[in-house]
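Single-structure report; data block below.
Numbers restart at 1 for each chain; the letters A, B, ... are given by sequence-line order, proteins then strands.
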Amino acid sequence: MIKVMINGEPRYLASPSRLADLVAIEAGEDSKGVAVGLNRRVIPRPKWSRIKVAEGDEVEIIAPFAGG
Amino acid sequence: MSDTWTIEGREFNSRLLLGTAMYPSREVMLDALKASGTQVATVALRRVKLDTGKDVNLYKVLRDAGYLILPNTAGCFTAEDAVLTAQLAREALETNWVKLEVIADHDTLLPDTEQLLVAAERLTKDGFQVLPYTNDDPIVARKLEQIGCPAVMPLAAPIGSGLGVRNPHNLVLMRDTLSVPLIVDAGVGTASDVAIVFELGCDAVLLNSAIAKAGDPVRMARAIRHAAVGGREAFLARRMPRKFYADASSPTEGLPWQ
């Protein structure tokens, strides 16, 4: 069991998940318009399926919302 | 008669840029955008929430309607946060354009221009087209232009205040000293405020609350569209000089019984 922070909330994962899997869980299968940050670095989309999160990682999954 | 303007080689017919927040409904927002004639819609970037999900629908409807989507860095208080948000926006929306906001505090929402200049320089070096929301300070505006920003966006008044143009003199100073487009961002409250911005010679207006918080947002969008045209035409027509005393318009000679 590893603990990671996703969008500021603690999550406990049975095994190290790929970023792509976390995005699918948090944002749904259609990830158009979504971006991912890992430990305050932006991770380009093509790398989501290659990078696995580790204990203590801080993941941000963001999308556009109404704004001015 | 065509009266277009450009940012970094991209030509626009409309001189209005609209925010997408605070409308009574998604439908009213889309109708208001259409009524305003805008070609650019701004969005914020926020964490996807498990309960409400992401607002991909917003991204999709704006994109499908043909708007240029301009992400902002609203809510950032440091250059570091603003740079990271802009980089996330570039990844999410596949655009290197960003409306750069670095705010000093919650009460005034005024720009922290020291942090703004730092962020503008870092993002410009990173390949962004930075459209900075800034104070109505001609010197900061000049520095932003020197950094390489393709437009500068001074406020008319604080965000969401609807107070109208507080410092017309500084806007004219900026207009006279900058080569890049001057987009007034924030503070207009109604159509006449927008007309004044254009009469002063500014190139465009970015607004949200004035339309979204009007009693009839779609009608206000239409009013502001007309005001923009009226103000711009008045600027191009070059207004008459102001005089302290009256100057009769009818002939002063040939009056009967005199």
Go through it in stages, so that I can follow the logic: the residues are B/T42 and B/Y67, the test is side chain to side chain contact (heavy atoms under 4.5 Å, CB included), and I'd like the CA-CA distance, side-chain angles, deciding distance and then a yes or no.
CA-CA 9 Å; B/T42 64; B/Y67 295 110; over 6 Å; no
Audit row: B/R47, A/E9, salt bridge (Lys or Arg N to Asp or Glu O under 4.0 Å) steps and yes/no:
CA-CA 11 Å; B/R47 287 168 164 171; A/E9 303 277 340; over 6 Å; no
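Surrounding CZ of A/R40 are more than 12 heavy atoms belonging to other residues, nucleotides or ligands, all under 6.0 Å away.
A 4.5 Å side-chain heavy-atom check between B/L17 and B/F12 finds every atom pair outside the cut-off.
A salt bridge does not link B/R166 with B/D193: none of the charged nitrogens is closer than 4.0 Å to a carboxylate oxygen.
For residues 47-58 of chain A, an interface with chain B (any heavy-atom pair closer than 4.5 Å) does not exist. Near-neighbour residues of residues 90-106 of chain B relative to chain A, defined by a heavy atom under 4.5 Å from a heavy atom of that chain, comprise B/E91, B/A92, B/L93, B/E94, B/K99, B/E101.
Counting heavy-atom pairs under 4.5 Å between each of B/L70, B/L45, B/L18 and chain A puts B/L45 at the top.
In this structure, chain B has no heavy atom under 4.5 Å from any part of A/I6. There is no contact between B/D185 and chain A, counting heavy-atom distances below 4.5 Å.
Judged purely by distance below 3.5 Å, without hydrogens or angles, the side chains of B/D126 and B/Q87 pair a donor atom with an acceptor atom.
The minimum heavy-atom distance linking B/A44 with A/A66 is given by the pair CB-O, 4.1 Å.
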